[in-house]
Amino acid sequence: MTSPHPVPEPGLLLRLAGPMQSWGLHSHFNERDTASFPTRSGVIGMLASALGRHRGQPIDDLTALQLTVRTDRPGVLLRDLHTVGGGLLAKATVTTAEGKKRPGDTGTLLTHRHYLADAAFTIALTTHQPTTETHSLLDRYANALRNPRWPLHLGRRSCPPEGPVLLGQSDDALHHLIHLPLAAQPTRHRETERTPVEFLADRPLTFLPVPAPTVSETHDDGTHASGELNDQPLSYHPNQRAYRARPLYRRTLLLPYAQFAGFGAQQLTALSSYLDTRLHTTEGSRR
């Protein structure tokens, strides 16, 4: 199901790619997991970091943004074993829940941390209430991503992004989310064939301005939630972190062979050409 005339939504377009990413969902003590895609809490936290907001400051304006993710490359799941607290003086080792120090051989802890290796995602952060105030906020967010107050990372501080995060700002960000070159090779071998690409969002994906040839009759159309994630941030305060559940919607579109730009310099060249010739020339769009 598609809307015949989706209303254009202003927003920011981001590129999240790097050697490793890690978007924790259920991390608990020594087990640090990752979702298979960027989470709302991770992306909004990255924007808050760019703005220089401290963990206790309000984030209501950021949580009002809608998140839509395009999976260019899902990456490969890796598990890394870390040791914490080994080889240190007792006073420098890990503190227990009771506030004490671990004695003797128990001072070294083992942790398992999961990452996505070689993944790439394109993201639209949008608002469905285009007003002068929201455009002013988007301008401020875009400037912060160009000149972040604190270093940006892909879910974890050990995961820096590959190149600039901000692609641009547009009054029809979802149109560009569908049409931007992908950082991947097509899985089909003929130029007349189309490759399935997954989109994920925090609302029904019927709002996407989907061209008719991309509609897949054999995949989920994103009308109904496929599950829930506890990744809507309410507070990042170190001692009072709070999240609530939100629905997760998935939709697969069949994108054309020519849109798959490959890897490395080849993909960056195609992306730069698109941004120069299509994004900033679209009426009302800004970079």
Side-chain angles (χ1 to χ4, degrees), residues 6-18 21 23 37-53 58-72 119-155 160-183 199-203 205 207-209 231-233 236 246 249 268 271-272 274-287:
V7 177
E9 297 185 8
L12 307 178
L13 292 157
L14 312 182
R15 177 177 178 267
L16 303 185
Q21 308 185 31
W23 308 97
F37 50 85
T39 59
R40 274 189 64 82
S41 57
V43 174
I44 291 172
M46 180 175 62
L47 183 52
S49 179
L51 289 162
R53 294 195 188 175
I59 53 172
D60 294 351
D61 59 317
L62 304 182
T63 56
L65 295 171
Q66 305 288 342
L67 173 70
T68 310
V69 177
R70 187 187 75 184
T71 303
D72 291 19
F121 304 93
T122 304
I123 286 180
L125 282 172
T126 59
T127 175
H128 55 271
Q129 297 178 333
T131 64
T132 302
E133 181 180 0
T134 56
H135 277 105
S136 177
L137 286 174
L138 289 174
D139 289 340
R140 187 186 309 168
Y141 302 155
N143 289 332
L145 289 170
R146 292 189 189 97
N147 303 282
R149 173 65 178 81
W150 293 312
L152 305 182
H153 51 270
L154 304 178
E162 169 194 288
V165 167
L166 180 69
L167 292 177
Q169 182 179 351
S170 171
D171 285 341
D172 195 358
L174 296 172
H175 167 84
H176 294 294
L177 180 65
I178 294 175
H179 291 91
L180 277 161
L182 288 106
F199 290 73
L200 306 105
D202 44 25
R203 54 182 168 149
L205 278 158
F207 62 86
L208 283 176
D231 72 338
Q232 170 71 344
Y236 291 116
R246 56 95 174 178
Y249 295 85
L268 294 176
L271 187 59
S272 178
Y274 182 100
L275 297 177
D276 288 339
T277 61
R278 297 186 62 181
L279 181 59
H280 81 281
T281 57
T282 302
E283 184 177 357
S285 297
R286 295 181 293 278
R287 284 185 64 187

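Note that the coordinates shown come from a computational prediction; the quantities given were computed from them, not determined experimentally.
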Lys/Arg N to Asp/Glu carboxylate O, D61 vs R140, below 4.0 Å: no
Backbone N/O of S41 and side chain of Y236: donor-acceptor pair under 3.5 Å: yes
Side chain proximity check, L154 to W23, heavy atoms < 4.5 angstrom: yes
Nearest-0.5 Å distance, CG of residue L137 to OG1 of residue T132: 11.0 Å
Which atom of E9 lies closest to which atom of T127, heavy atoms considered: CB-O, 3.6 Å
Distance, nearest 0.5 Å, that separates CD1 of I178 from OG1 of T68: 9.5 Å
Derivation and outcome, side-chain contact (heavy atoms from CB on, under 4.5 Å), residues I44 and L65: CA-CA 9 Å; I44 291 172; L65 295 171; 6.0 Å; no
Pairwise distance CZ(R203) to CG(L208) - rounded to 0.5 angstrom: 8.0 Å
Nearest atoms (heavy-atom pairs only) where L51 meets A144: CD2-CB, 3.5 Å
Among D231, T63, D202, side-chain hydrogen bond (donor to acceptor under 3.5 Å, both in side chains) partner for R40: D202
Note, Q21 side chain near F121 side chain (heavy atom, < 4.5 Å): yes
Non-hydrogen side-chain atoms of D171 and H135 separated by less than 4.5 Å: yes
Pair H176-Y274, ring-ring contact (aromatic ring centres under 6.0 Å, His included): steps then yes or no: CA-CA 10 Å; H176 294 294; Y274 182 100; 5.8 Å; yes
Test side-chain contact (heavy atoms from CB on, under 4.5 Å) applied to I123 and V69, V165, L200, the passing residue: V69
NE2-CG distance between H179 and L174, expressed to the nearest 0.5 angstrom: 11.5 Å
Shortest non-hydrogen contact from A50 toward L152: CB-CD2, 3.8 Å
Nearest non-hydrogen partners of P148 and L145, listed with the distance: CD-O, 3.6 Å
Qualifying residue for side-chain contact (heavy atoms from CB on, under 4.5 Å) with T122, from L167, T71, L182: L167
Straight-line distance of L279 CG to L180 CG, nearest 0.5 Å: 7.0 Å
Donor-acceptor pair, side chain of R15 and main chain of P164, under 3.5 angstrom: no
Side chain to side chain, L16 and V43, heavy atoms closer than 4.5 Å: yes
Closest non-hydrogen atom pair, L12 against A142: CD2-CB, 3.9 Å
Nearest heavy atoms of D72 and A183, plus distance in Å: OD2-N, 3.2 Å
Distance, nearest 0.5 Å, that separates CH2 of W150 from CZ of R53: 10.5 Å
